[in-house]
Amino acid sequence: MRGLDGAAAVVTGAASGLGRGMALRLAEEGVRVGILDLDGAGAQTTAEAINEAGGNAVAVTADIADYQQCAEGVAAVGAALGEIRILVNNAGWDRAGPFIDSDPQLWRRIIDINLYGPLNMQHVVVPQMLQNGGGKIINIASDAGRVGSSGEGVYSACKGGVIAFSKTLSREVARRGVIVNCVCPGPSDTPLFADFAGQGEAGDKLRASLERAIPLRRLGQPEDIAGLVAFLASSEADFIVGQTISVSGGLTMHG
Ligand SMILES: NC(=O)c1ccc[n+]([C@@H]2O[C@H](COP(=O)([O-])OP(=O)(O)OC[C@H]3O[C@@H](n4cnc5c(N)ncnc54)[C@H](O)[C@@H]3O)[C@@H](O)[C@H]2O)c1
């Protein structure tokens, strides 16, 4: 894809699941990738996979819920890989359960990671992008933020917030070259989904019923999401601004 080769990116949460797939795919396109994750060992494993395949990646351990750690993590990636042209805010977390059984302590952790996390990262990176003449930001929200998801009330609120924030930030900075878009995965086969579905028979039943509901009759895989992220980061997508795109095998369809 045009405009990716030689660019530097930060992908949060790329130690695992969808983010790992995005980091590997960007690296295939010649992007130098900073893997920023709370799980330092996992981040290192992703970076090694990229470097062993001939790419260029560094791993940084940071909690996106902490502004200072975001600033230090981004500075470390910049020092190793140069000017950051692409930011993928992918890291996310949830603990599923009925809203009425949850407590404010859990809400706070979910909001800190899923809403403050992307805000922290963008507040650190956008000024650098503006100074350097532009950049691409891809925020990984969720279909939960568009259509809701039982057991994920506060998480859905954060993802809906990320979608609204992405549109507003786009309006503020697009003409200065910083382009923001959102990608909404549908149910995808990752450790986060396994946690959401739960263990044993109940988990198997939920998975099977979702597979029946998805027109393509399967959960998403990391490769299903990664191509769109690479496309949005590339110059092929320079005129796509403030959009929210679902990748869900057809489970949700929006016009
Ligand atoms: N899997 C799905 O069904 C699904 C559906 C819709 C949206 N999403 C979204 O896709 C993104 C990736 O999810 P996944 O399914 O690959 O999950 P995952 O659990 O496999 O990976 C998430 C990664 O984020 C990292 N992370 C979590 N909290 C962090 C923090 N505070 N600071 C830094 N890193 C942190 C984890 O260590 C992990 O490496 C998330 O934003 C998630 O909300 C996933």
Side-chain angles (χ1 to χ4, degrees), residues 10-25 34-47 59-74 77 87-96 108-121 124 138-149 151-152 154-163 166 182-198 203 206-207 210-211 213-214 218-226 228-229 244-249 251-252:
V10 175
V11 184
T12 69
S16 170
L18 303 182
R20 180 179 158 88
M22 294 166 201
L24 295 175
R25 177 61 198 269
I35 318 284
L36 189 148
D37 203 297
L38 195 56
D39 171 7
Q44 195 57 45
T45 304
T46 303
V60 173
T61 309
D63 181 351
I64 57 163
D66 182 304
Y67 189 94
Q68 194 53 34
Q69 290 188 37
C70 291
E72 287 167 12
V74 167
V77 174
L87 168 63
V88 185
N89 280 308
N90 163 78
W93 179 80
D94 195 17
R95 177 165 299 140
R108 190 165 298 281
R109 187 63 187 148
I110 294 170
I111 294 169
D112 278 349
I113 296 172
N114 296 289
L115 188 56
Y116 269 102
L119 293 180
N120 289 337
M121 289 298 297
V124 169
I138 297 102
N139 287 323
I140 307 305
S142 169
D143 271 348
R146 304 182 86 170
V147 299
S149 172
E152 296 193 293
V154 178
Y155 170 88
S156 301
C158 294
K159 295 297 192 179
V162 165
I163 292 168
S166 302
C182 264
V183 172
C184 291
S188 305
D189 196 6
T190 69
L192 183 68
F193 177 82
D195 226 44
F196 166 74
L206 178 65
R207 188 188 171 101
L210 274 168
E211 283 170 349
I214 295 170
R218 66 173 177 85
L219 298 181
Q221 295 295 327
E223 314 76 78
D224 292 317
I225 320 286
L228 176 61
V229 170
T244 307
I245 306 173
S246 286
V247 185
S248 64
L251 180 63
T252 58

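Owing to the predicted nature of the structure, the values given are computational and were not obtained by experimental measurement. Every number for a ligand or one of its atoms is a count from 1 in the order of the listing.
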### Message
Looking at Thr46 and Arg20, would you say the former's side chain and the latter's main chain have a donor-acceptor pair under 3.5 Å?
### Response
no
### Query
Do NZ/NE/NH1/NH2 and the carboxylate oxygens of Asp94 and Lys159 come within less than 4.0 Å?
no
### Query
For residues Arg146 and Ser246, is any side-chain donor paired with an opposing acceptor at under 3.5 Å?
yes
### Query
Counting distance only, does the side-chain N/O of Asn90 pair as donor-acceptor with the main-chain N or O of Thr12 below 3.5 Å?
yes
### Electrostatic pair Arg109:Asp63 at N-O distance under 4.0 angstrom
yes
Can you pull every nitrogen or oxygen pair between ligand 1 and the protein closer than 3.5 angstrom?
unit_1: ligand 1; atom_1: 1 (N); unit_2: Ser188; atom_2: O; d: 3.3
unit_1: ligand 1; atom_1: 1 (N); unit_2: Thr190; atom_2: OG1; d: 3.1
unit_1: ligand 1; atom_1: 3 (O); unit_2: Ser188; atom_2: N; d: 2.8
unit_1: ligand 1; atom_1: 3 (O); unit_2: Ser188; atom_2: O; d: 3.4
unit_1: ligand 1; atom_1: 15 (O); unit_2: Thr190; atom_2: OG1; d: 2.5
unit_1: ligand 1; atom_1: 16 (O); unit_2: Leu18; atom_2: N; d: 2.8
unit_1: ligand 1; atom_1: 20 (O); unit_2: Ser16; atom_2: OG; d: 2.7
unit_1: ligand 1; atom_1: 31 (N); unit_2: Asp63; atom_2: OD1; d: 2.7
unit_1: ligand 1; atom_1: 32 (N); unit_2: Ile64; atom_2: N; d: 3.0
unit_1: ligand 1; atom_1: 34 (N); unit_2: Leu38; atom_2: N; d: 3.2
unit_1: ligand 1; atom_1: 37 (O); unit_2: Asp37; atom_2: OD1; d: 2.6
unit_1: ligand 1; atom_1: 39 (O); unit_2: Asp37; atom_2: OD1; d: 3.4
unit_1: ligand 1; atom_1: 39 (O); unit_2: Asp37; atom_2: OD2; d: 2.6
unit_1: ligand 1; atom_1: 41 (O); unit_2: Asn90; atom_2: O; d: 2.6
unit_1: ligand 1; atom_1: 41 (O); unit_2: Lys159; atom_2: NZ; d: 2.9
unit_1: ligand 1; atom_1: 43 (O); unit_2: Tyr155; atom_2: OH; d: 2.5
unit_1: ligand 1; atom_1: 43 (O); unit_2: Lys159; atom_2: NZ; d: 3.1

#### Entry: Ser166: partners by side-chain contact (heavy atoms from CB on, under 4.5 Å), with sequence neighbours left out
Asn139, Val162, Val180, Cys182
